[in-house]
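Here's the structure, in structure tokens; my notes come after.
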Amino acid sequence: NRQHAGMPIIGGASRRGRTRPRFGTSIHGLDYDDAAIKPLDFEHLCNTRAVNLSCMQLTGLQAAKDLAAGLLQNQGITLLDLSGNKLRMDEAQVLVAALSHCRRLMELNLASNVLGDAGIRAIAILMAKSTSLVNLNIANNDIGDLGAEDVVMALEKNASLQKLCLDWNGITRADKLGEVLGTHTKLQELYLSGNHLQNEGVKQLCTGLSKNTVLQKLDLALNFIHEEGMAHLKEVMQTNTTITVLDISRNYLTDSFTASVNHLVQRNVDERQRRGE
């Protein structure tokens, strides 16, 4: 509970004591329309739509400013992979200020950085305002429940996202995510492996999942879920007709229980094949 832990629900200081911008506001007044930053090592960005800077050891505010300047020279970018770097809150804010002008951006990979709950707030602001973003990967960033709630708030406002990866982020709650799943009409793939949802978390997720008619892939592997909790998902699958890929491996489930759930998934696969989809 945020209030019980002395943490604000929206805005204020993060659990690491760093100031976090309020959701839906500008980021420290950053506006790259008038920025006098010149491209340095990132001039090559101007000539490509898909930019892969994975595992380039990008870190520090100056590197983020240089990259932001390059992005502003290539506002038609559609894919940006920044996974496996050391991007933190300050760098994320600078990059988001530039990416907000990249109105064709469809895929953004920020997996395995060090954004934390403070840094993810900037990404959530970008996500909420984007009308082009289809695929967002923010796995392994230690965003926790606080950061996950920011992402869910953004997902509620976003009408384009189809694939969201939240693997390995220390998430223990899914009540807000469950609510959004009940109404979101675009999200087709959701990855939550390696978190700590446990029985209560999957129960919360299923509250909205029972109303969802668009999700096709769901990954709940390695979430410390027992059969008592997974029974809620099994019940949802009795009537769900859209989920055709479901990973519940590496939880506390018997082979027979897993097989019974997989049988329901296979039923959906067979039906889609029968319809020629």
Side-chain angles (χ1 to χ4, degrees), residues 2 7-12 14-15 18-28 30 79-80 82-83 87-111 113-192 195 201 204-205 208-209 212 214-215 218:
R2 293 187 185 185
M7 294 183 292
I9 294 178
I10 299 178
S14 77
R15 62 186 177 190
R18 303 192 69 178
T19 300
R20 307 170 70 242
R22 292 185 175 275
F23 187 86
T25 63
S26 60
I27 306 170
H28 292 323
L30 288 174
L79 182 152
L80 177 61
L82 291 169
S83 61
L87 300 174
R88 300 178 183 274
M89 179 186 72
D90 293 340
E91 293 93 322
Q93 291 175 347
V94 170
L95 290 174
V96 165
L99 286 172
S100 63
H101 297 282
C102 300
R103 306 191 190 282
R104 296 181 182 178
L105 183 67
M106 298 178 64
E107 298 185 48
L108 178 60
N109 188 350
L110 290 164
N113 280 282
V114 283
L115 296 174
D117 55 44
I120 207 63
R121 172 57 61 90
I123 307 304
I125 292 173
L126 175 69
M127 178 182 169
K129 295 180 178 180
S130 175
T131 58
S132 62
L133 193 63
V134 173
N135 182 353
L136 177 62
N137 187 343
I138 46 178
N140 194 26
N141 270 287
D142 190 29
I143 69 173
D145 290 328
L146 190 61
E149 188 163 332
D150 290 338
V151 173
V152 171
M153 289 173 63
L155 179 62
E156 190 172 17
K157 297 176 182 293
N158 179 284
S160 63
L161 200 71
Q162 297 179 21
K163 181 177 179 179
L164 176 61
C165 184
L166 293 167
D167 294 342
W168 298 97
N169 269 306
I171 300 170
T172 66
R173 295 173 47 192
D175 49 340
K176 299 298 183 183
L177 179 56
E179 291 176 10
V180 173
L181 281 179
T183 58
H184 206 274
T185 59
K186 291 292 184 180
L187 193 68
Q188 298 178 16
E189 301 181 30
L190 177 61
Y191 299 88
L192 290 162
N195 285 292
Q204 294 169 342
L205 192 69
L209 194 59
N212 186 283
V214 293
L215 195 69
L218 176 62

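Qualifying side-chain hydrogen bond (donor to acceptor under 3.5 Å, both in side chains) partners for Glu189, counting only residues two or more places apart in sequence or in other chains: Tyr191. Annotation: side-chain contact (heavy atoms from CB on, under 4.5 Å) contacts of Val114 (sequence neighbours excluded): Arg88. Glu179 is linked by a side-chain contact (heavy atoms from CB on, under 4.5 Å) to Lys176, counting only residues two or more places apart in sequence or in another chain. Residues that satisfy the side-chain hydrogen bond (donor to acceptor under 3.5 Å, both in side chains) test with Ser100, not counting sequence neighbours, are absent from this structure. With sequence neighbours left out, the side-chain contact (heavy atoms from CB on, under 4.5 Å) criterion links Asn137 to Asn109, Ala111, Ala139, Cys165. Scored by the side-chain contact (heavy atoms from CB on, under 4.5 Å) test, Glu156 finds Val180 as partners (sequence neighbours excluded). Partners of Asn158 according to the side-chain hydrogen bond (donor to acceptor under 3.5 Å, both in side chains) rule, which considers only residues two or more places apart in sequence or in another chain, are Ser160. Evaluation of the side-chain hydrogen bond (donor to acceptor under 3.5 Å, both in side chains) rule for Ser132 yields no partner, not counting sequence neighbours.
Closest of all the heavy-atom pairs between His184 and Leu161 is CE1-O, 3.7 Å.
Not one N or O on the side chain of Asn212 forms a donor-acceptor pair closer than 3.5 Å with the backbone of Gly182.
With a 4.5 Å cut-off on side-chain heavy atoms, Leu136 and Met127 count as touching. The shortest distance between side-chain heavy atoms of Asn169 and Asn140 does not fall below 4.5 Å. With contacts defined as side-chain heavy-atom distances shorter than 4.5 Å, the pair Leu192/Leu177 qualifies.
Distance check: Leu164 CG to Asn135 CG gives 9.0 Å after rounding to the nearest 0.5 Å. Within the model, atoms CD1 of Ile125 and CE of Met153 stand 10.0 Å from one another, a figure rounded to the nearest 0.5 Å. Atom OG in Ser83 sits 13.5 Å away from atom CD1 in Ile138 (nearest 0.5 Å).
Remark: Asp150 engages Arg121 in a salt bridge, criterion side-chain N to carboxylate O under 4.0 Å.
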